[in-house]
Amino acid sequence: MDLALLRTFVTVHRAGSFTRAAALLGLSQPAVTSQIRTLERQLGRPLFLRQARGVTPTTIGDELAHKAAPHLDALVEIAETGLDEQVSLRTLHLAGPPEFTAERALPALAELTGDDGQGLALRVSFGTVDETLEGLAAGHHDLAITTARPRGALLTATPLCDEEHVLVAAPRWASRIGPGRLRRKGAHALENLPVVEVHESLPFVSRYWASVFDSRPAAAGTVIVPDLRAVLGCAVTGAGLAVLPRYLCASALERGEVVALHEPAVPPLRTYFLVVRTGTLAMPPIARAHDWLLRAATDWG
């Protein structure tokens with residue numbers, strides 16, 4: 001079986017589209033279509049179901065992808081790194097949300113880089129969940145950290161850790177609200193207060209309100225900045241209340257720069273997952289980083 005045809009097939013399987021696969025491979029769409037048809041004729045089975053927006057693999061297509069993809073990835077690795085026995089360094093491409101990756105994952109993985117020439121080289125990308133999973137499926141990343149478990153069998157997800165969310169504000173806002181008002185009035189005590197968030201849709205505040213108060217926030221965002229570390233900085237200066245991961249604001253809470261406005265009996269949690277392309281945990285560098293992060297996560301609670 002022609003390895004070039006298999007490479008095109010795996011790329012289409014991961015991209016979910018002939019058009020996206022063609023862009024990734026540097027080929028024309030007709031060329032990709034022709035290669036897939038050739039492979040289907042050789043196998044005597046259809047590999048994809050053509051749809052209006054992309055393609056869906058058949059059962060045979062899924063089986064072939066799961067068998068072939070890890071071996072093709074290994075061949076690509078050999079081609080990229082060469083066979084020189086003196087080259088022991090392996091580059092690991094990691095992707096994830098900027099704050100968690102910077103504050104949690106990178107300090108842990110930095111220990112694997114080593115100073116003896118035997119460690120990993122790291123290349124890190126930040127992005128949204130969709131961007132990260134799409135890049136992983138397309139082969140741009142080796143390992144991804146996400147807050148959503150991917151569907152389908154192409155990607156394999158392992159729970160990494162849970163993140164507790166805390167409603168915080170500068171001390172002056174806490175004193176203005178009063179110690180008992182939030183307990184008596186719930187979310188109504190927070191109406192019309194300024195809010196600092198990462199997006200106009202108020203994803204963190206809305207999730208907190210739904211989980212703790214069983215309601216939707218009444219206020220609009222006063223400061224919108226797409227980085228939770230900047231959200232914390234704005235909250236410290238008194239720009240408004242914010243919902244933040246506890247690991248990110250723990251030091252500010254200890255120093256009294258912000259105050260936890262509410263401590264619900266069951267705090268809202270968000271789960272992080274380690275995600276790889278199915279089969280690639282057989283590759284030692286990916287498996288090593290994967291296991292190292294899982295062990296590090298036991299201390300993050």
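Please read all numbers here as calculations on a predicted model, not as lab measurements. Nothing fancy with the numbering, it's 1 onward along the sequence.
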key: Check: Thr132 side chain, Ala95 main-chain N or O, donor-acceptor pair, under 3.5 Å   = no
message: Given 3.5 Å as the limit, does a donor-acceptor pair link the side chain of Ser175 with the main chain of Arg172, or not?
response: yes
Are Leu281 and Leu133 connected in the hydrophobic side-chain network, where two residues link if heavy atoms are under 4.5 Å apart?
no
Does Val166 reach the side chain of Val258, with side-chain heavy atoms less than 4.5 Å apart? no
message = Does atom CD (Glu191) have a neighbourhood of more than 12 heavy atoms from anything else shown, all under 6.0 Å?
response = yes
- request: Check whether any side-chain N or O of His13 sits under 3.5 Å from a backbone N or O of Phe9 as a donor-acceptor pair, and report yes or no.
  value: no
Heavy-atom distance under 4.5 Å between the side chains of Arg277 and Leu136, does that happen here?
yes
(Q) Tell me whether Thr222 contacts the main-chain N or O of Val196 through its side chain, where contact means a donor paired with an acceptor under 3.5 Å. (A) no
Practice prompt. Return the orientation label for the His262 and Tyr208 ring planes: parallel under 30°, perpendicular over 60°, tilted otherwise.
Written response: perpendicular
Distance col, row Ser17:OG vs Gln51:CD, nearest 0.5 angstrom, shows 11.0 Å
Salt bridge between Glu163 and Arg270, side-chain N to carboxylate O under 4.0 Å? yes
Would you say that Leu24 contacts His140 through its side chain, given a criterion of any heavy-atom pair below 4.5 Å between the two side chains? yes
Pair His199-Glu197, side-chain donor/acceptor within less than 3.5 Å
no
Leu228-Ile145 co-clustered via ILVMFWY side chain contacts under 4.5 Å: yes
Q.
Quick check: do Val275 and Arg149 have side-chain heavy atoms less than 4.5 Å from each other?
A. no
(message) What I'd like to find out is whether the side chain of Thr8 reaches to under 4.5 Å of the side chain of Leu25, using heavy atoms alone.
(response) yes
Got Arg45 and Leu64 here, is their nearest side-chain heavy-atom distance under 4.5 Å?
no
For residues 120-129, run the donor-acceptor check on the side chains, cut-off 3.5 Å, and write out each pair with its distance to 0.1 Å, sequence neighbours left out.
residue: Thr128; atom: OG1; partner: Glu131; partner atom: N; Å: 3.2
residue: Thr128; atom: OG1; partner: Glu131; partner atom: OE1; Å: 3.4

Taken to the nearest 0.5 Å, the spacing of Thr158 OG1 from Leu293 CG works out to 11.0 Å
**Item:** Step-by-step side chain to side chain contact (heavy atoms under 4.5 Å, CB included) determination, Phe100 to Thr147
**Value:** CA-CA 10 Å; Phe100 185 88; Thr147 54; over 6 Å; no
Is it true that Val212 and Leu193 fall in one hydrophobic cluster, defined by side-chain heavy atoms closer than 4.5 Å?
yes
When rounded to the nearest 0.5 Å, the distance separating NE2 of His141 from CD of Glu134 is 9.0 Å
- For Arg151, does the CZ atom sit with more than 12 other heavy atoms under 6.0 Å from it, leaving out its own atoms? no
_Would you say Leu294 ends up clustered with Phe273 if hydrophobic residues are merged whenever their side chains have heavy atoms under 4.5 Å apart, either directly or through other cluster members?_
no
Report task. With the side chain counted from C-beta on, respond yes when Pro268 and Phe204 share a heavy-atom pair under 4.5 Å apart, and no when they do not. Result -> no
Please report the C-alpha distance between Val231 and Leu248 in whole Å, then the side-chain angles of each, then the deciding distance to 0.1 Å, and finally whether the side chain to side chain contact (heavy atoms under 4.5 Å, CB included) criterion is met.
CA-CA 10 Å; Val231 170; Leu248 193 62; over 6 Å; no
Given the options Arg41, Glu40, Gln42, Thr38 meets side-chain hydrogen bond (donor to acceptor under 3.5 Å, both in side chains) only with Arg41
Original post:
Is it true that a side-chain atom of Ser34 and a backbone atom of Pro30 form a donor plus acceptor pair closer than 3.5 Å?
Top reply: no
Side-chain heavy-atom pair Arg207, Val243 within 4.5 angstrom cut-off: no
Could you give me the CA-CA distance, side-chain angles and deciding distance for Trp292 and Glu111, then say whether side chain to side chain contact (heavy atoms under 4.5 Å, CB included) is met?
CA-CA 9 Å; Trp292 195 271; Glu111 298 180 37; 3.5 Å; yes
Practice task
In sequence, state the C-alpha distance, the side-chain angles, and the governing distance for Arg20 and Thr11, and then conclude on side chain to side chain contact (heavy atoms under 4.5 Å, CB included).
Solution key: CA-CA 9 Å; Arg20 287 197 292 271; Thr11 304; over 6 Å; no
CG of Leu202 to CZ of Arg216, rounded to nearest 0.5 Å, is 10.5 Å
Here the gap from Ile286 atom CD1 to Arg288 atom CZ, rounded to the nearest 0.5 Å, amounts to 13.5 Å
Are Leu106 and Leu274 connected in the hydrophobic side-chain network, where two residues link if heavy atoms are under 4.5 Å apart? yes
